[in-house]
Number of protein chains: 2
Amino acid sequence: MSQNQTTRPTEAELEILQILWEYGASSVRFVNDKLNEEREVGYTTTLKLMQIMADKGLVRRNTESRTHIYEAAASEADMQQRLLKRFVDKAFRGSAMKMVMQALGNHEASAEELDEIKALIRRLESEDK
Amino acid sequence: MSQNQTTRPTEAELEILQILWEYGASSVRFVNDKLNEEREVGYTTTLKLMQIMADKGLVRRNTESRTHIYEAAASEADMQQRLLKRFVDKAFRGSAMKMVMQALGNHEASAEELDEIKALIRRLESEDK
DNA sequence: TTGCCTTTACGAAAGATTTCGTATAAACTT
DNA sequence: AAGTTTATACGAAATCTTTCGTAAAGGCAA
């Protein structure tokens, strides 16, 4: 239906996208089984959600065989970018830096991860020259 | 009513909290006026939301004068922490680092901001020793 | 073939969130 | 004092999201 590039997934839809990103194109049965490793969800619930997602353009589906195969329409990184932007706007009044500082300050980073970030910063700095 | 410390605001509620954080304790009229600088919202809509938020424990209210005065129950930083954790879980499968890298990679940071981050990292590294 | 199992389709119930209409009362205006 | 304006309270409509029951049809097994 809509096919809008900027459609945002709801929480339940995002959960399904995570599975599609992790395992690649999948059937409803497969996705539902994965979801049920976390919590109980009825098969038709998952089916309905995935049909809605196809409508919204969040997933594409191949209907050639009886069992339809769904795949995420956007890459995980693209979607993360989109979600991050909105989240920063809503929760951090648009300041990505405030958010990064919070995340780092929350001692969630190991020494190795901090090294990675330093490396990234060096790369960014040399690009900007 | 609930007073639960981990209650999450909905999007509309978060918008109201932003105003309370920015301007401090305020009346419904004030908050509604601020909201209307962005988009049209009816007065009773805002009133109802703020009453619900008081119920949930997201705001406290002083009912001494006829015009009730509301203030955010949690600090902006505390709420950001809470929201960030959940967002990272949902959108980045729990990896705060992936999220930080995305945010930084998205050339959203100025040279000064990168310096700030480097300073923060140095501080974190010396703490961990 | 007949009967199960699995699938999609569809609609609608259940739940959560957002919006607003109406009632009522306090405070201001004239 | 009477009328107007500005509050809160309350309930319910409107909308969005999640869940599931039921129907219909394809494919498989006996």
Side-chain angles (χ1 to χ4, degrees), chain A residues 1-2 4 6-20 25-71 83 86-87 90-91, chain B residues 1-2 4 6-20 25-71 83 86-87 90-91:
Chain A
M1 246 281 134
S2 66
N4 187 339
T6 64
T7 313
R8 277 181 323 122
T10 64
E11 281 205 4
E13 289 169 351
L14 183 54
E15 236 178 320
I16 289 173
L17 284 175
Q18 300 286 11
I19 291 168
L20 296 180
S26 310
S27 66
V28 174
R29 173 63 57 197
F30 179 84
V31 170
N32 185 248
D33 285 351
K34 285 293 168 195
L35 286 178
N36 274 277
E37 289 174 9
E38 302 299 321
R39 61 195 179 85
E40 201 177 309
V41 203
Y43 176 83
T44 53
T45 300
T46 304
L47 170 66
K48 181 67 166 184
L49 269 173
M50 292 177 77
Q51 286 170 339
I52 290 170
M53 290 167 79
D55 251 28
K56 290 185 181 175
L58 287 170
V59 296
R60 281 185 290 267
R61 68 175 163 177
N62 183 329
T63 59
E64 275 168 31
S65 61
R66 185 162 97 94
T67 302
H68 298 180
I69 300 298
Y70 292 73
E71 73 176 328
L83 295 176
R86 190 182 171 89
F87 176 72
K90 291 284 177 188
Chain B
M1 244 284 133
S2 65
N4 187 340
T6 64
T7 313
R8 277 184 320 123
T10 65
E11 281 205 2
E13 289 169 350
L14 183 54
E15 236 177 321
I16 289 173
L17 284 176
Q18 300 287 9
I19 291 168
L20 295 180
S26 310
S27 65
V28 174
R29 173 62 57 197
F30 180 85
V31 170
N32 186 247
D33 286 351
K34 285 293 167 194
L35 286 177
N36 274 277
E37 289 174 8
E38 302 299 321
R39 62 195 178 87
E40 201 178 308
V41 203
Y43 176 83
T44 53
T45 300
T46 304
L47 170 65
K48 181 66 166 185
L49 269 172
M50 292 177 77
Q51 287 170 339
I52 290 170
M53 290 167 78
D55 251 28
K56 290 184 181 176
L58 286 170
V59 296
R60 281 185 290 268
R61 67 174 163 178
N62 182 330
T63 60
E64 275 168 32
S65 60
R66 185 163 96 94
T67 303
H68 298 180
I69 299 298
Y70 293 72
E71 73 176 328
L83 295 176
R86 191 182 169 87
F87 176 72
K90 291 286 176 186

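Below, read A as the first sequence line, B as the second, and so on, with proteins coming before strands; counting in each chain starts at 1. A quick note: this is a predicted structure, and the numbers were derived from the prediction, not measured.
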Which one, [options], comes nearest to the side chain of [X]?
X     : options                : answer
B/Q51 : C/dT18, D/dT17, D/dA9  : D/dA9
B/T10 : D/dT22, C/dG21, C/dT17 : C/dT17
A/T67 : C/dT7, D/dT22, C/dT18  : C/dT7

Which whole-number value in Å describes the distance from [X] [atom1] to [N] [atom2]?
X     : N      : atom1 : atom2 : answer
A/N62 : C/dT7  : CG    : P     : 16 Å
B/M53 : C/dT17 : CE    : C1'   : 13 Å
B/M50 : D/dA9  : CE    : P     : 12 Å
A/E11 : D/dT17 : CD    : C1'   : 11 Å
A/I52 : D/dT19 : CD1   : P     : 11 Å
A/I16 : D/dT17 : CD1   : C1'   : 12 Å
B/L49 : D/dA9  : CG    : P     : 15 Å
A/E15 : D/dT18 : CD    : C1'   : 11 Å

Phosphate OP1/OP2 of [N]: any [X] side-chain N/O under 4.0 Å:
X     : N      : value
A/Y43 : C/dT8  : yes
B/R61 : D/dA7  : no
A/T44 : D/dG21 : no
A/R8  : D/dC16 : no

* To do: Might you work through the side chain to side chain contact (heavy atoms under 4.5 Å, CB included) test for B/T44 and B/K48, ending with a clear yes or no?
  => CA-CA 6 Å; B/T44 53; B/K48 181 66 166 185; 6.0 Å; no
* To do: Check whether the side chain of A/K48 and the base of C/dG11 form a donor-acceptor pair under 3.5 Å.
  => yes
* Donor-acceptor pair under 3.5 Å: do we get one between B/R66's side chain and the base of D/dT8? -> no
* For B/R29 and A/G42, take the nucleotide of DNA chain D holding the closest heavy atom to each; which residue's nucleotide lies nearer the 5' end? -> B/R29
To check you understand the geometry: which heavy-atom pair defines the closest contact between [X] and [Y], and what is its length?
X     : Y     : answer
A/V31 : A/I19 : O-CD1, 3.9 Å
B/L47 : B/Y70 : CD1-OH, 4.5 Å
B/L17 : B/L58 : CD2-O, 4.0 Å

* **Within-4.5 Å side-chain heavy-atom neighbours: B/E13 and B/L49** => yes
